[in-house]
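Data block below; observations after.
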Number of protein chains: 2
Amino acid sequence: MSFGRDSYHHGNLREALVEAARRLIAERGLGGFAFAELARAAGVSPAAPYRHFRDRGALVAELALRGFAMLREDLLTAWNDGRPDPAAAIERCGRAYLHFARRDPAAYAAMFDGTPGETDPALRAAADAAFAVVRNAAEAACAAAPTRNRPPALMVALHVWTLCHGTASLFTGPPSPGRRPLPMTPEDLLEAGLLVYLRSLGLGG
Amino acid sequence: MSFGRDSYHHGNLREALVEAARRLIAERGLGGFAFAELARAAGVSPAAPYRHFRDRGALVAELALRGFAMLREDLLTAWNDGRPDPAAAIERCGRAYLHFARRDPAAYAAMFDGTPGETDPALRAAADAAFAVVRNAAEAACAAAPTRNRPPALMVALHVWTLCHGTASLFTGPPSPGRRPLPMTPEDLLEAGLLVYLRSLGLGG
DNA sequence: AAGCTCATGTGAGCAGGGTTTACATCACTG
DNA sequence: CAGTGATGTAAACCCTGCTCACATGAGCTT
């Protein structure tokens, strides 16, 4: 369990690599970390990381996997069984979503901009589990809505997720050319959007 | 004006590079094109592209610039002065937005995932011009809404843009780990979302 | 037509990254 | 205490981004 490298083996290389990548991606974007650079930061030879990750993509996938697990927990806490009412709880979920995207931009990028290629089943499962929280919230919201205005719960969940992701993608993280200047916080923009949307379903204030 | 390279000079290198980049980015993502590869595809030495673009980022910025101009035109056409009514016209804009993201995924990526660094003023202006169309549509929609339910037009524009971008980002282009399987087309999902949202403002329906 | 100029392309070259392979070290286990 | 498997090293390969001095030739001036 040595960190400063007093022995031949690092003792914690895998974690060190993940954390170094998290830092670099947060600073310079998804493409902004070099495998060799991580190795250097850990005080290890350029080939060492390959003992822990098949390639760069595998490290990004690991980051995404952990990200989905954390996001799921944050959403579960925010949902809090829909108390005091589904609309308020969903707005809390929106804030939690943005908070997560801000707190761990590297994981967020890995989750939504990463690996155009094949997707590992465990990763897909983690993504499903995170979405399931929103899906469940949408079910509760629809159950609480007047019968006439009930759209399918899955669609509501997708709309909520879309609004959250759109807000996070456009207004947090590294600025892209398409980023608009905001006259309010992203949190307030999202809350207002969710409010308007849910009101149309007969929910909220 | 030679293409197959019968003379020392290419004659159209700049355009050839942009088009090759567009193709490669569409296939392999934003990081998936090599400057040297573009040169090879154009039958030119690896140093030649640097006569036309300062670096890789400059080419991406060019793609983004053209993208915003095209998107603006598409949105203007879709808006069609708000006929027959603002809600219907805004939904048409949403479809146009998705259609653009699908038709030119490389430009779309350059516009919204590109260059974490400084942004050229012309690029910013092009982005502003495209957003202005939506902004204008939101003004018209708000003007048509019952007085009690009028949120600020800018906020409505931002919500619409966010919904469009969220949908495009999550459900078109190269699949990311966070992508959900959809029981409908992205177009229908977005249309439904805009419908619910605008209904809350007292429009459409 | 002669000559100048400048945009455009070339070739060579440097630093550095991704990845593989054969080998070294070491913790653990029987 | 030897054997084994996990972990790190060294060296090597090719590719990329980018720079610089130089070559080419299109178009303008005269």
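Note on naming: letters A, B, ... go to the chains in the order of the sequence lines (proteins, then strands), and numbering restarts at 1 for each one.
Contact annotation for Tyr50(B): base contact, defined as any heavy-atom pair under 4.0 Å involving a base atom. Using a 4.0 Å heavy-atom criterion, one finds that Arg14(B) contacts no nucleic acid atom at all. Residue Ala34(B) is classed as a sugar-phosphate contact, given heavy-atom separations below 4.0 Å to backbone atoms only. If you check every strand for non-hydrogen atoms under 4.0 Å, Ala36(A) touches sugar and phosphate atoms only.
Look at CG on Leu17(B): it is 9 Å from P on dG9(C), rounded to the nearest Å. Note: CZ (Arg28(B)) to P (dC15(D)) measures 14 Å, nearest angstrom. As a whole-Å value, the separation of Leu59(A) CG from dG18(C) P is 11 Å. Atom P of nucleotide dG9(C) and atom CG of Leu38(B) are separated by 14 Å, given to the nearest angstrom. Between the CZ atom of Arg51(B) and the P atom of dG11(C) there is a distance of 14 Å, rounded to whole Å. To the nearest angstrom, P of dC26(C) lies 16 Å from CG of Leu13(A). Counting to the nearest Å, the P atom of dG17(D) and the CZ atom of Phe35(B) are 8 Å from each other. When rounded to the nearest whole Å, the span between CZ of Phe53(B) and C1' of dA7(C) equals 15 Å.
Residue pairs meeting the side chain to side chain donor-acceptor pair (under 3.5 Å) criterion with at least one partner in residues 120-129 of chain B, sequence neighbours excluded, are Arg180(A)-Asp128(B). For residues 163-192 of chain A, every residue pair satisfying the ring-ring contact (aromatic ring centres under 6.0 Å, His included) rule, not counting sequence neighbours, is listed here: Tyr108(A)-His165(A), Phe112(A)-His165(A).
The phosphate of dG9(C) has OP1 or OP2 within less than 4.0 Å of a side-chain N or O from His52(B). Remark: Arg54(A) is not in phosphate contact with dT19(C), judged by side-chain N or O atoms under 4.0 Å from OP1 or OP2.
For Arg56(B), taking side-chain heavy atoms from C-beta onward, the closest of the listed nucleotides dG17(D), dG9(C), dG18(C) is dG17(D).
Position along DNA chain C of the nearest nucleotide to Ala47(A) versus Arg40(A) favours Arg40(A) as the more 5'-ward residue. Between Pro46(B) and Glu37(A), it is Pro46(B) whose nearest contact on DNA chain C lies nearer the 5' terminus.
Other residues, nucleotides and ligands contribute only 12 or fewer heavy atoms inside 6.0 Å of the NE2 atom of His99(A).
Tyr97(A) OH to Leu190(A) CG: the interatomic distance, rounded to the nearest 0.5 Å, is 10.0 Å.
Note that Arg28(B) lies outside the cation-pi zone of Phe33(B), set by a 6.0 Å cut-off to the ring centre and a 45° limit from the axis.
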